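It should be emphasised that the depicted structure is a prediction, and the values quoted were computed from it without experimental measurement. Position 1 is the first residue of the sequence; numbering continues from there. Counting starts at 1 for both ligands and their atoms, following the listed order.
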Amino acid sequence: MARQAAEILRRNDMGGWTRAAPSLYPHQWSWDTGFIAVGLAHLDTARAGRELLTLFAHQWRTGKVPHIVFNPKAPPESYFPGAEHWSSAGEFPDAPPAPPYTSALCQPPTHAIGALRVWEVARERRDEGVARDFLREIYPKLLRWHRYLMTDRDPEGSGLVTIYHPWESGTDNSPRWDAALAAVEVGEMPPYERLDLKHVDHPSERPTDEEYARYIWLVELIKRVRCDEREIYGSHPFLAKDVLFSAILVTANDALLEIAEAVDAPDAERAEISAWAKRGRGGLESRWSPELGLCLDHDLRRDVPAPARTIAGFAPLVAGSLAPGRLESVIQTLYSADFLGEPKLYRPLPPSTSPTEPRFHPRNYWRGPVWPVLSWLLWQSLVRAGEAERAEVLRRVALEELSGVHFAEYFEPFTGEPLGSDNQSWTAAVALDWISADAGL
Ligand code: 2M8
């Protein structure tokens, strides 16, 4: 399986960066890159470092890392909304020089997690030289990125990141966003053609046309204000505090702190990073719902919680170093009939949305299927929480799911059927990391 996974990453390698998938996603995606670096680290630490540096070469002046860097050589009509639609450098004063163009959105910050894995693998191999140079180069960029998220994306100082679009969450059509998205009224915009449906077996695996219209309308509104964050905060119809994004930022801040130590960063910077992590944990704690046993997102525009039983609710576990009793309560929900204890599951792997959630759908994208990258995130979180046995079971079962050598984007939770795109880079990458864990790496 390791050979096959490495082969997928090799085939998706575009020379210094990796496309998210061969046909559905021919560009470089931000949070995919963090996971891909984790996998590449086991093949070639220098190449893994380069994956991150290539993405960060397109960091915005504000420190934002764009959610997509568009591949100028992607076949025409392969992805919508593509570079022509965003034309970011022309539209946005803070965008970097183009081409390549980028989107104006961002995604969860998995990058410091990837960078730290590169460093850990290099150290285990006693091959620290190149990796230390890489850490020195990436560290200030990561710091600017995290600072952007902790300031522009959290002017309230709540410890929770605000997103402007469901795409920023990475869990695009999760029921988490249903109510906030439904409140968005779509206005006049040029007609467009969805290209994503051409790449999957059935439209039921992807978001609906109504959801898509709202996605494109939100893009339109961001373009109209030239991505001015203050204007977005004032007028944008979709603003939400995202607990999973915020939890990934907490764990990424922990990783950044380790990197800061490795590169001998000034004390003031280390103190700043520690304070961010602490603030993030506090923010997550304030969103804990004892009723659902999960952490809940918050619709900031309408100032109401966004209750939904989804995998994002395990945010405190992802953040780690929990308040007393919280680990037990999160684990109780994870192993309850709402998630891993559901007897109809083909394998005990976490569905993206709980089957007990009325808006659950077993085949539709983020509304139910099992996503290997999120299983990896929970596995990693269990390891960090000292739950070694539970983590090991999850790892073995997750690898079993991939053993048909379908590195699919997502899987039907009741049948194990691979869905979405095949040969998805981040799936192959997490498989490599899981396999390496077997070898004690
Ligand atoms: C999916 O998202 C893109 C938009 O960003 C799409 O549907 O076109 C999501 O699963 C997202 O989390 C992921 O980063 C991206 C590429 O794998 O695909």
Side-chain angles (χ1 to χ4, degrees), residues 8-9 12 14 17-39 51 55 65-71 74 77-83 85-86 88 101-111 114 163-174 176-177 181 192-200 203-209 211-216 218-219 222 242 244-245 248 310-312 352-353 363-377 407-411 419-430:
I8 302 281
L9 290 180
N12 288 341
M14 307 302 287
W17 66 274
T18 307
R19 58 186 173 191
S23 71
L24 180 58
Y25 306 119
H27 308 291
Q28 185 172 27
W29 259 263
S30 171
W31 79 319
D32 299 50
T33 297
F35 292 112
I36 290 167
V38 166
E51 184 77 19
L55 176 73
V65 175
H67 111 284
I68 305 175
V69 177
F70 292 105
N71 169 14
E77 306 272 296
S78 51
Y79 184 79
F80 177 82
H85 193 85
W86 279 105
S88 37
Y101 291 96
T102 76
S103 89
L105 302 173
C106 64
Q107 276 186 324
T110 52
H111 318 94
I163 59 165
Y164 307 152
H165 194 296
W167 284 342
E168 294 202 306
S169 73
T171 65
D172 308 4
N173 74 336
S174 166
R176 307 166 70 188
W177 313 122
L181 196 65
Y192 59 86
E193 188 197 352
R194 281 184 70 171
L195 298 172
D196 57 319
L197 299 177
K198 293 187 179 166
H199 302 281
V200 290
S204 65
E205 294 173 27
R206 294 286 301 174
T208 62
D209 284 346
E211 282 159 346
Y212 231 82
R214 291 193 167 95
Y215 297 157
I216 303 304
L218 291 174
V219 167
I222 292 169
D242 176 332
L244 182 60
F245 195 129
I248 293 173
T310 75
I311 198 163
S352 46
T353 296
R363 305 184 72 82
N364 188 295
Y365 206 39
W366 289 97
R367 287 184 172 272
V370 169
W371 286 71
V373 271
L374 286 197
S375 301
W376 183 88
L377 200 61
F407 295 97
E409 194 182 5
Y410 43 94
F411 292 83
L419 296 172
S421 163
D422 206 357
N423 301 330
Q424 183 87 5
S425 297
W426 65 6
T427 307
V430 297

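The closest protein non-hydrogen atom to atom 8 (O) of ligand 1 is Tyr79 OH, 2.6 Å. Nearest protein heavy-atom neighbour of atom 17 (O) of ligand 1: Asp32 OD2, 2.6 Å. Among all protein heavy atoms, the one lying closest to atom 12 (O) of ligand 1 is Gly170 O, 2.7 Å. Looking only at protein heavy atoms, the nearest one to atom 10 (O) of ligand 1 is Trp366 NE1, 3.2 Å.
Aromatic ring orientation, Phe80 versus His85: perpendicular (interplanar angle above 60°, classes split at 30° and 60°). Between Tyr215 and Trp167, the ring planes are tilted. Angles from 30° to 60° get that label.
Nearest heavy atom pair, residue Ser425 against residue Arg19, reads OG-O, 2.6 Å. The two residues Thr110 and Trp31 come nearest to each other via the heavy atoms OG1-O, 2.9 Å.
Every atom of ligand 1 is numbered from 1 in the order shown, and the set under 4.0 Å from a heavy atom of Gln107 is 11 (C), 12 (O), 13 (C), 14 (O). With ligand atoms numbered from 1 in the order given, ligand 1 contributes 11 (C), 12 (O), 13 (C), 14 (O) to contacts under 4.0 Å with heavy atoms of Trp31. Contact atoms of ligand 1 toward Arg206: 6 (C), 7 (O), 8 (O) (distance under 4.0 Å to a heavy atom of the residue).
Put simply, the residue from His67, His165, His27 that forms a side-chain hydrogen bond (donor to acceptor under 3.5 Å, both in side chains) with Ser103 is His67. Exactly one residue among Asn71, Asp196, Ile68 makes a side-chain contact (heavy atoms from CB on, under 4.5 Å) with Tyr79. That residue is Ile68.
Checked against a 3.5 angstrom limit, the closest N/O atoms of Tyr212 and ligand 1 fall outside it. Any N or O atom pair closer than 3.5 Å counts here, and Trp426 shares no such pair with ligand 1. By the 3.5 Å distance cut-off applied to N or O atoms, Gln424 is counted among the residues near ligand 1.
Between the side chains of His111 and Ser30, at least one donor N or O lies within less than 3.5 Å of an accepting N or O.
Ligand 1 is approached by Asp172 to a heavy-atom distance shorter than 4.0 Å.
Residues Leu377 and Trp371 are not in side-chain contact: their nearest non-hydrogen atoms beyond the backbone lie 4.5 Å or more apart. Using a 4.5 Å heavy-atom threshold, the side chains of Ile216 and Pro81 count as touching.
Contacts of Trp371 with ligand 1, taken as heavy-atom pairs under 4.0 Å, involve the side chain alone.
Around atom 9 (C) of ligand 1, the closest heavy atom drawn from Trp29, Tyr365, Tyr25, Trp167 belongs to Tyr365.
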